[in-house]
Amino acid sequence: MKSEEEAKQIIQQVNGYEHITGAEALLRCLIAEGVDTIFGYPGGAIMPVYDKLLDFNDKLRHILTRHEQGAAHAAQAYAMVSGKPGICFATSGPGATNLITGIANAYLDSVPMVFITAQVVSGLIGTDAFQETDILGVSMPVTKWNCQVKKAQDISNTIAKAFYIATNGRPGPVLIDITKDAQIEKCSFKYKKCSYMRSYNPHIPLNKRALDSAAIMINHAEKPLILAGHGVLISGAEKELRKFVEKTGIPVAVTLLGLSSFPSGHRLYTGFLGMHGNYGPNLLTNEADLIIAIGMRFDDRVTGNITKYAKQARIIHIEIDEAEINKNVIVDLEIHNDAKEALEYLIPLVEQKSYESWVREFRICDKTEYEKVIKTETKPDKGDIRMGEVVRMVSEMTNGDAVIVTDVGQNQMTAARYFKFTEPKSFVTSGGMGTMGFGLPASVGAKIGRPDKQVVVFIGDGGFQMTIQELGTILHYKIPVKIVILNNGYLGMVRQWQEMFFKKRYASTELVNPDFVTIAKGFSIPGKKVSDRKELNSSLEKMLAAKGPYLLDIKIEKEGNVLPMIEPGASVSEITLNYKI
């Protein structure tokens, strides 16, 4: 005679259910959602999940980073290059709180991620138990949605909702906190993907009336300018954007996170916007009579002094998140829709045009910027190695066909300015949050997400030391990333501001650095120091040709500045090409 438990399992199997632990249910949910890679770090409260993970090694690859923050950044980069949501595990207490910077980073940059944290057993919640933290309260401001699960039976539906919320509409991070007892207890398991939530309707029907009006405005404009943001890449609208641009003849500029949404070498590409962006698109924003903003949020780094921004222009704003429309800049036409769908509708309505004299104004600006900034920065004939020449050489050696990852600061702005992107989703950086320490762990996630691509990360010597422990992850999994440290012995961007606005009072910005090549050698990563320009070309070639990971510590100009620059409080048309103290 069968036991009561065995009989129960048979009945459940007949009804299409299985009786499994909450930990196994979680992993089966992830597999059902197409997950194949998880980044994380184990601990006591999440141990049941990690124990069960051993049984799914053939379907789920777990990447053990050396810090939870590293796991979050790696998972974000994986999501940005692969188009899949990033998945991250951490235990309760400090494990969960160590994720917060990475969660906030993903939130500000609209990256779909599912964070799974563990919690103490439900009976101990609120007792200040060992490694108990209210991660829901802590993460609420920087997650799109979060939820705590105390019963194994609730895991399947909660995970299904999490994926739906993270990936639909304007994407972003969600966090699910699962108590340890919910991981251990058994439940009836059957997974169904979520395709609808009554309280959340992210798909907005096309506003055809507004789009028809947009087409009329576009067809009658004399100096139109497209501003393309991260939303173009998120919606997968790169091809539609190119068709739209080539039909209308309208010049296009991109935001920092919009880089790679449009080919850098295209005749209608004008450069990137922002504080250290290109001269033409910044200066001429205040000359355009029509601005078409697509999937961007008019960040302060793009607008400069908001009271002086594009007062002469009519503005069309295509944006999936209604909260971003009229938030910073009051627009003339609101189009609350997905960028790809909106462009697909617009393309047949707009006229075939050419704005030769308008485009020529950008080319004149390009020539001015080249003579006053770019030539000296990318092709110097004397002095110390410049950041720009390093990036230019990598761009040329890879023909722009590489995934570029950056940390934050001068290295970030220089990479954005001088790498010539040819493929979409090939630029990974921390935009809204500006997180130093992002670069190294992000390069790990980028390479795992795109193993077919050369992945090069540009990092400053300051940011590198914030997450230097992730060299251990590179060693562990033999991840062939190419690490370029642009080493000036300073917290470079802070030093630049101290030079320009604080009379060269360098407060706590000069660094005493260790021997990075020796440290890399300890992680079995070959490397080389470069301080002589004569060695730069051959050293970069050797790095790119290496089959495994490789590190170059390049000594660059110690007090070099990134120019042009829109100074704080200035308008975009007051962009500075040179600076003298």
Side-chain angles (χ1 to χ4, degrees), residues 39-41 63-81 86 88 90 94-109 111 113 115 139 142 173 256-257 387 403-416 427-448 455-476 479 481-495 508-514 516 519-520 523 525 549 551-553:
F39 300 85
Y41 203 99
I63 303 298
L64 174 64
T65 58
R66 294 325 188 242
H67 192 283
E68 290 89 353
Q69 182 180 339
H73 292 330
Q76 175 176 338
Y78 174 90
M80 291 177 75
V81 301
C88 195
T97 58
N98 280 345
L99 293 175
I100 291 298
T101 297
I103 295 172
N105 202 91
Y107 183 73
L108 286 174
D109 289 349
V111 178
M113 297 185 69
F115 289 89
S139 67
V142 291
L256 179 66
L257 287 175
M387 292 179 284
V403 173
I404 298 302
V405 182
T406 79
D407 207 78
V408 168
Q410 290 183 320
N411 63 89
Q412 177 188 38
M413 293 296 101
T414 303
F427 184 59
V428 177
T429 196
S430 170
M433 190 75 167
T435 305
M436 286 182 66
F438 176 82
L440 188 61
S443 71
V444 170
K447 186 61 182 178
I448 291 171
V455 174
V456 181
V457 55
F458 293 102
I459 314 180
D461 43 321
F464 182 62
Q465 292 178 83
M466 284 192 167
T467 49
I468 196 171
Q469 73 279 349
E470 298 309 329
L471 291 175
T473 309
I474 294 170
L475 164 66
H476 188 157
I479 300 170
V481 296
K482 307 303 187 289
I483 305 163
V484 179
I485 302 174
L486 298 173
N487 187 345
N488 57 12
Y490 275 110
L491 301 177
M493 188 61 82
V494 184
R495 185 217 58 79
S508 300
T509 46
E510 190 165 9
L511 298 171
V512 177
N513 290 323
F516 295 128
I519 290 173
F523 288 93
I525 298 171
L551 181 145
L552 280 185
D553 178 10

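Predicted model only: the values in this text are computed from it and were never measured.
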Between [X] and [Y] (side chain of the first, backbone of the second, donor and acceptor by atom type, cut-off under 3.5 Å), is there such a pair?
{"X": "Ser443", "Y": "Leu440", "value": "yes"}
{"X": "Glu470", "Y": "His67", "value": "yes"}
{"X": "Asp109", "Y": "Val111", "value": "no"}
{"X": "Asp407", "Y": "Gly439", "value": "yes"}
{"X": "Asn98", "Y": "Pro94", "value": "yes"}
{"X": "Arg66", "Y": "Gly472", "value": "yes"}
{"X": "Thr467", "Y": "Gly437", "value": "yes"}
{"X": "Asp461", "Y": "Gly489", "value": "yes"}
{"X": "Gln69", "Y": "Pro441", "value": "no"}

Looking at every heavy atom in both [X] and [Y], which two are closest together, and how far apart are they?
{"X": "Gly463", "Y": "Met436", "answer": "N-CE, 3.5 Å"}
{"X": "Asn411", "Y": "Phe458", "answer": "OD1-O, 3.1 Å"}
{"X": "Met433", "Y": "Ala104", "answer": "CE-CB, 3.7 Å"}
{"X": "Thr473", "Y": "Ile63", "answer": "CG2-CG2, 3.9 Å"}
{"X": "Leu256", "Y": "Gly431", "answer": "CD2-CA, 4.3 Å"}
{"X": "Pro514", "Y": "Gln465", "answer": "CD-OE1, 3.4 Å"}

Assess whether side chain to side chain contact (heavy atoms under 4.5 Å, CB included) is satisfied between Val455 and Val81, documenting all intermediate values.
CA-CA 11 Å; Val455 174; Val81 301; over 6 Å; no
Can Asn488 and Arg495 be said to form a side chain to side chain contact (heavy atoms under 4.5 Å, CB included), step by step?
CA-CA 11 Å; Asn488 57 12; Arg495 185 217 58 79; 5.6 Å; no
So [Y] and [X], do their side chains get closer than 4.5 Å, heavy atoms only?
{"X": "Phe427", "Y": "Thr406", "result": "yes"}
{"X": "Met493", "Y": "Gln412", "result": "no"}
{"X": "Gln410", "Y": "Leu486", "result": "no"}

Dump the intermediate steps for side chain to side chain contact (heavy atoms under 4.5 Å, CB included) on Phe464 and Leu471, then the final yes or no.
CA-CA 10 Å; Phe464 182 62; Leu471 291 175; 4.0 Å; yes
Given Phe516, which of Ile459, Ile485, Leu552 fulfils the side-chain contact (heavy atoms from CB on, under 4.5 Å) condition?
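Only one of Ile459, Ile485, Leu552 forms a side-chain contact (heavy atoms from CB on, under 4.5 Å) with Phe516, namely Ile485.
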Quick check for you: to the nearest 0.5 Å, what is the distance between Tyr107 atom OH and Gln76 atom CD?
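Result: 14.0 Å between the selected atoms.
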Could you state the interatomic distance from CG (Leu551) to CD1 (Ile483), rounded to the nearest 0.5 Å?
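Nearest 0.5 Å value for the CG-CD1 distance: 5.0 Å.
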Do Tyr41 and Leu64 pass the side chain to side chain contact (heavy atoms under 4.5 Å, CB included) test, and can you show the C-alpha distance, the side-chain angles, and the key distance before you say yes or no?
CA-CA 6 Å; Tyr41 203 99; Leu64 174 64; 3.9 Å; yes
